[in-house]
Amino acid sequence: AIGAHHRTLSIIGEKKFLGKGVSYCHTCDGPLFKNKIVGVVGGGDGALTAALFLSKHAKKVYLIHRRKELRGQVAWQHSVAKNKKIIKVLQRQVKEIRGDKFVKEAVLDIPYKTKKSLKLDGLFIEIGSLPSGGKIIFEPPLSLKMDKLNYIVAGSSMQTNIPGIFAAGDITSPPKKLRQILTASAEGSIAAAGAQRFLAK
């Protein structure tokens, strides 16, 4: 149960303003930006659902994506398109995050409406996650079965392909499942029960 970690932009200001406007969890920090201007980086389901969630609190949401089109499910894209609070900023990337004590602006690689940066109070980075060291820790001789992104494949009892080894939480496949403390805790309980049954045999 070694979890997963968020993908980062690896840009100037990202670490400096973490917890001071930069966030990787819209459900955790979104309500703190009531009537503020925020940005969301990403174009998949995570970014689209984050933008929709944040639009319930913020007065304006910039959805920044490096490609020409969004990649999320069509239903989410329709919801985003209909939401007047969400402004799509496509074919652009955030190159730097600036501020004083808190985030004040996101600098873009290509100007948006002649402006080189977006003035905002918060930036939510929603570009997915990666398993925490799974490939390194679980190389042969264990030979645990993993998916193409190196998340561990586990069954309904959280049993892996190797008898006696169980996996739970964000380290497990599929990568797009709901990744919350509640689900990870539930999987941990299931894995513990499965381990107990295994030992009792």
Side-chain angles (χ1 to χ4, degrees), residues 4-11 14 17-18 21-97 103-131 147-151 153 169-170 172-184 186-187:
H5 60 274
H6 297 284
R7 289 181 184 270
T8 65
L9 297 174
S10 299
I11 59 174
E14 185 174 4
F17 292 107
L18 181 60
V22 171
S23 175
Y24 302 95
C25 182
H26 63 276
T27 54
C28 310
D29 300 328
L32 301 175
F33 292 87
K34 186 174 178 62
N35 297 323
K36 301 288 187 179
I37 299 174
V38 300
V40 176
V41 179
D45 289 343
L48 271 58
T49 54
L52 290 166
F53 178 87
L54 290 165
S55 71
K56 297 176 183 178
H57 304 282
K59 65 180 179 181
K60 184 187 293 184
V61 180
Y62 290 108
L63 181 56
I64 308 160
H65 184 45
R66 62 181 178 170
R67 294 189 171 91
K68 186 163 55 176
E69 297 178 349
L70 299 171
R71 297 180 295 108
Q73 294 181 43
V74 174
W76 294 128
Q77 291 192 44
H78 286 327
S79 296
V80 165
K82 290 188 296 184
N83 194 311
K84 294 181 180 180
K85 284 188 176 182
I86 301 175
I87 301 169
K88 290 186 286 186
V89 182
L90 304 177
Q91 292 183 282
R92 287 164 177 80
Q93 298 183 66
V94 177
K95 288 299 183 182
E96 183 180 350
I97 301 167
V103 169
K104 294 295 181 185
E105 63 179 343
V107 180
L108 303 173
D109 60 342
I110 300 172
Y112 174 72
K113 293 186 176 179
T114 72
K115 295 182 179 180
K116 293 183 178 180
S117 65
L118 299 173
K119 302 294 182 184
L120 39 77
D121 304 292
L123 186 66
F124 291 79
I125 300 168
E126 296 285 347
I127 55 175
S129 61
L130 293 170
D147 64 19
K148 62 182 180 180
L149 295 176
N150 294 317
Y151 287 90
V153 176
D170 289 358
T172 59
S173 186
K176 288 188 177 181
K177 70 178 184 179
L178 181 64
R179 299 191 178 278
Q180 297 287 341
I181 292 174
L182 182 65
T183 51
E187 288 184 0

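Side-chain atoms are counted along with the backbone in the values below, which use heavy atoms only and exclude waters and symmetry mates.
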Worksheet entry | Shortest non-hydrogen contact from Lys88 toward Leu70 | CD-CD1, 3.8 Å

Worksheet item: Nearest heavy-atom pair of Val40 and Ala50: which atoms, and what distance?
Response: CG1-CB, 4.3 Å

Worksheet item: NE2 of His5 to CZ of Arg7: how many Å apart, nearest 0.5 Å?
Response: 8.0 Å

Worksheet, complete the sentence: Which of Lys59, Lys60, Lys36 passes side-chain contact (heavy atoms from CB on, under 4.5 Å) with Asp121? It is Lys36

Practice prompt. Anything under 30° is parallel, anything over 60° is perpendicular, the rest tilted; go ahead and classify Phe124 against Phe33.
Written response: perpendicular

Discussion item. Take a 6.0 Å sphere around CD of Glu69 and say whether it holds more than 12 heavy atoms from other residues, nucleotides or ligands.
Written reply: no

Item to complete: Please round to the nearest 0.5 Å and tell me the distance separating atom NZ of Lys119 and atom NZ of Lys104.
Response: 10.0 Å

Practice prompt. Might you confirm whether atom NZ of Lys85 has over 12 heavy atoms from other residues, nucleotides or ligands at distances under 6.0 Å?
Written response: yes

Fill in: side chain to side chain contact (heavy atoms under 4.5 Å, CB included) assessment of Leu90 paired with His65
CA-CA 5 Å; Leu90 304 177; His65 184 45; 3.9 Å; yes

Fill in: The single option from Leu120, Leu18, Ile11 passing side-chain contact (heavy atoms from CB on, under 4.5 Å) against Ile97
Ile11

Worksheet item: Looking at side-chain heavy atoms only, is the closest gap between Val94 and Ile125 below 4.5 Å?
Response: no

Worksheet entry | Nearest-0.5 Å distance that lies between atom CD1 in Ile110 and atom NZ in Lys95 | 9.5 Å

Discussion item. What's the separation between atom OG in Ser55 and atom CG in Leu63, rounded to the nearest 0.5 Å?
Written reply: 11.0 Å

Practice prompt. Might you confirm whether atom CG of Leu182 has over 12 heavy atoms from other residues, nucleotides or ligands at distances under 6.0 Å?
Written response: no

Fill in: Residue pair Leu149 / Leu130, side-chain heavy-atom distance below 4.5 Å
no

Practice prompt. Taking all heavy atoms of Gln73 and all of Leu48, pick out the closest pair and write down the distance.
Written response: O-CD2, 4.3 Å

Worksheet item: Which heavy atom in Ala58 sits nearest to a heavy atom in Val38, and how many Å separate them?
Response: CB-CG2, 3.9 Å

Discussion item. Restricting to non-hydrogen atoms, name the atom on Glu126 and the atom on Tyr24 that form the minimum distance, rounded to 0.1 Å.
Written reply: OE2-O, 3.8 Å

Worksheet entry | side-chain contact (heavy atoms from CB on, under 4.5 Å), paired with Gln93, selected from Leu9, Val107, Ile64, Asp109 | Asp109

Discussion item. With a 6.0 Å cut-off on the ring centroids, do His26 and Phe53 count as close?
Written reply: yes

Discussion item. Which heavy atom of Val22 sits nearest to which heavy atom of Glu14, and what is that distance?
Written reply: CG1-O, 3.9 Å

Discussion item. Rounded to the nearest 0.5 Å, what separates atom CD in Glu105 from atom CD1 in Ile37?
Written reply: 12.5 Å

